[in-house]
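In what follows, a single structure is set out as structure tokens and then discussed.
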Amino acid sequence: MPELPEVEVVRRGLERWVSGRTVAAVEVLHPRAVRRHESGPRDFADRLLGRRLAVPRRRGKYLWLPIEETGTPRGAGSPTLSLLAHLGMSGQLLIQPAGTPDERHLRVRISFTDEGPGELRFVDQRTFGGLSLHPCLPGEADGLPDVMAHIARDPLDPAFDEDAFPTALRSRRTTVKRALLDQTLISGVGNIYADEALWLARLHYERPTATLTRPRVSELLAGVREVMAAALQAGGTSFDSLYVNVNGESGYFERSLNAYGRAGLPCRRCAATMRRDPWMNRSSYWCPGCQRPPRARPAVTRRPGTGIRSA
DNA sequence: CTTTTCACCTGAACGC
DNA sequence: TGCGTTCAGGTGAAAA
């Protein structure tokens with residue numbers, strides 16, 4: 001289940017093995033893998049052919065390779081087209097020597113004009129992920145695809161707005177975990193690292209965002225960064241065997257997880273028995289000892305002219 | 001406009 | 001053994 005750290009590991013792999021290479025052939029083995037490319041698989045392949053891929057970029061869980069302009073000096077101007085990749089639940093980008101037997105769930109193969117280390121393969125069992133080509137937002141030097149305009153900056157982005165985040169989170173009328181998973185508010189956080197960050201910040205996932213003070217939100221953000229930094233340090237982590245990094249090596253990190261997957265086990269901080277709650281067709285893992293559930297409050301109604309009163 | 005729900009997908013694990 | 005059910009969960013369209 002790739003979240004930001006895993007995607008960053010893949011980005012680094014692509015930077016090393018794919019940057020600067022020219023596309024020689026594109027084979028789409030499953031049309032669903034390029035469904036976000038609206039002009040279809042044929043157009044996807046045609047547009048990539050003969051183009052050179054620039055240094056990959058990332059925002060949250062999205063990864064893209066700007067297409068270098070042809071006929072202009074390298075580095076001149078901003079890119080106008082980018083190859084966007086999202087790994088979804090089970091996507092992998094693999095570098096494989098030509099001739100390596102196809103993976104069972106191989107969806108797209110991109111080969112290059114040079115000898116190089118091999119071809120780029122997009123493998124995805126559940127086909128939630130995919131590849132697509134998009135125009136870039138004008139003026140974006142990084143070639144940000146236009147379809148990503150609504151994706152917030154992630155907490156490892158130097159341009160992430162520290163001051164605006166607590167205000168924005170507190171103004172959402174929802175609960176704190178929902179807010180963490182809202183990619184238009186903060187990107188890159190998925191179910192696993194959300195639970196980890198909440199555990200670090202001693203916050204229950206159902207805490208209404210409006211009840212958090214700005215300092216508490218900042219602590220939570222620090223928790224998000226801490227768990228992401230640790231995962232990145234460990235080489236991008238996911239214990240789901242479906243996740244493999246760009247070179248095909250699995251990343252494993254479960255020993256470092258304090259909340260996710262630990263139902264029935266003692267909390268590493270207070271020794272209380274960890275719990276798993278069904279939550280939005282998913283799971284939330286939490287410690288009843290140090291992440292106190294919010295007290296059930298009476299419903300609050302707003303009436304024009306009378307301010308806020310309890311029902 | 002904001003917030004919530006649900007379809008999309010496959011395969012491992014599990015219960016009977 | 002085999003069959004049906006549950007679970008995993010990011011995204012965005014649709015609904016509320």
Side-chain angles (χ1 to χ4, degrees), chain A residues 1-8 10 29-38 58-64 84-93 103-108 122-132 134 145-152 154 167-198 205-210 224 228 231 236-244 250-254 257 259-264 275-285 299-302:
Chain A
M1 310 154 209
E3 299 182 30
L4 184 154
E6 290 79 12
V7 178
E8 173 59 17
V10 172
L29 294 98
H30 196 313
R32 191 174 157 76
V34 296
R35 68 192 180 286
R36 293 186 183 90
H37 187 85
E38 297 194 0
R58 181 192 54 73
R59 177 178 289 189
K61 305 167 194 170
Y62 287 87
L63 179 65
W64 69 92
L84 180 64
H86 197 290
L87 302 178
M89 287 296 303
S90 53
Q92 310 165 25
L93 284 166
E103 291 76 9
R104 172 130 83 122
H105 302 294
L106 178 65
R107 309 304 191 195
V108 180
F122 180 68
V123 177
D124 190 10
Q125 178 205 111
R126 276 171 265 189
T127 64
F128 277 24
L131 306 180
S132 48
H134 302 277
D146 59 1
V147 293
M148 284 184 60
H150 66 294
I151 302 295
D154 64 63
T167 307
L169 183 139
R170 280 155 39 88
S171 69
R172 299 287 167 110
R173 282 197 289 271
T174 185
T175 50
V176 65
K177 185 171 174 180
R178 292 176 115 100
L180 276 183
L181 295 178
D182 183 346
Q183 304 295 303
T184 69
L185 178 63
I186 179 173
S187 69
V189 183
N191 197 46
I192 297 173
Y193 295 142
D195 281 358
E196 292 300 308
L198 289 166
Y205 61 92
E206 292 279 42
R207 261 295 280 278
T209 51
V224 171
M228 284 184 173
T237 63
S238 190
F239 36 81
D240 186 339
S241 62
L242 292 172
Y243 170 71
V244 179
S250 296
Y252 287 84
F253 193 41
E254 62 264 56
L257 293 178
Y260 191 85
R262 288 183 50 81
R275 290 183 51 180
R276 177 182 81 89
D277 290 354
W279 183 82
M280 287 184 71
N281 289 323
R282 287 160 178 70
S283 296
S284 275
Y285 295 88
V300 173
T301 58
R302 291 170 193 274

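Here is how names work: the chains are called A, B, and so on, in the same order as the sequence lines, proteins then strands, and each is numbered from 1. Values below: all heavy atoms of this structure, side chains included; hydrogens, waters and symmetry mates excluded.
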Below the 4.0 Å mark, does B:dT4 have OP1 or OP2 next to a side-chain nitrogen or oxygen of A:Thr174?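 Result: yes.
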How close do A:Thr209 and A:Arg170 get, counting heavy atoms only, and between which atoms?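 For A:Thr209 versus A:Arg170, the nearest heavy atoms are O-CG, 3.7 Å.
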Grab the two heavy atoms, one from A:Tyr285 and one from A:Arg262, that are nearest each other, plus how far apart they are.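 For A:Tyr285 and A:Arg262, the tightest heavy-atom pair comes out as CD2-N, 3.8 Å.
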Using whole Å, report how far [atom1] of [X] lies from [atom2] of [N].
{"X": "A:Trp279", "N": "B:dT5", "atom1": "CH2", "atom2": "C1'", "result": "12 Å"}
{"X": "A:Arg178", "N": "B:dC6", "atom1": "CZ", "atom2": "C1'", "result": "13 Å"}
{"X": "A:Leu87", "N": "C:dA8", "atom1": "CG", "atom2": "C1'", "result": "16 Å"}
{"X": "A:Arg173", "N": "B:dT4", "atom1": "CZ", "atom2": "C1'", "result": "14 Å"}

Once you build an axis from the first five pairs and another from the last five of the helix from B:dT2-C:dA16 to B:dC16-C:dG2, how far apart in angle are they, to 10 degrees?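 So the angle between the two local helix axes works out to 50°.
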Which nucleotide, [options], lies nearest any side-chain atom of [X]?
{"X": "A:Arg126", "options": "B:dT5, B:dC9, B:dG11", "result": "B:dC9"}
{"X": "A:His105", "options": "B:dC8, C:dA8, B:dG11", "result": "B:dG11"}
{"X": "A:Arg172", "options": "B:dT4, B:dT3, C:dA8", "result": "B:dT3"}

Identify which one of A:Lys177, A:Arg276, A:Arg282 satisfies the side-chain hydrogen bond (donor to acceptor under 3.5 Å, both in side chains) criterion when paired with A:Asp195. A:Lys177
Would you mind checking if A:Asp124 and A:Arg32 are paired as a salt bridge, meaning a charged N to carboxylate O distance below 4.0 Å? no
Output yes when a side-chain donor or acceptor of A:Glu3 lies under 3.5 Å from a complementary backbone atom of A:Lys61, and no otherwise. no
Counting primed atoms plus P, OP1 and OP2 as sugar-phosphate and everything else as base, spell out the protein contacts along nucleotides 10-16 of chain C at 4.0 Å heavy-atom distance: B, S or - for each nucleotide, 5' to 3'. BBS----
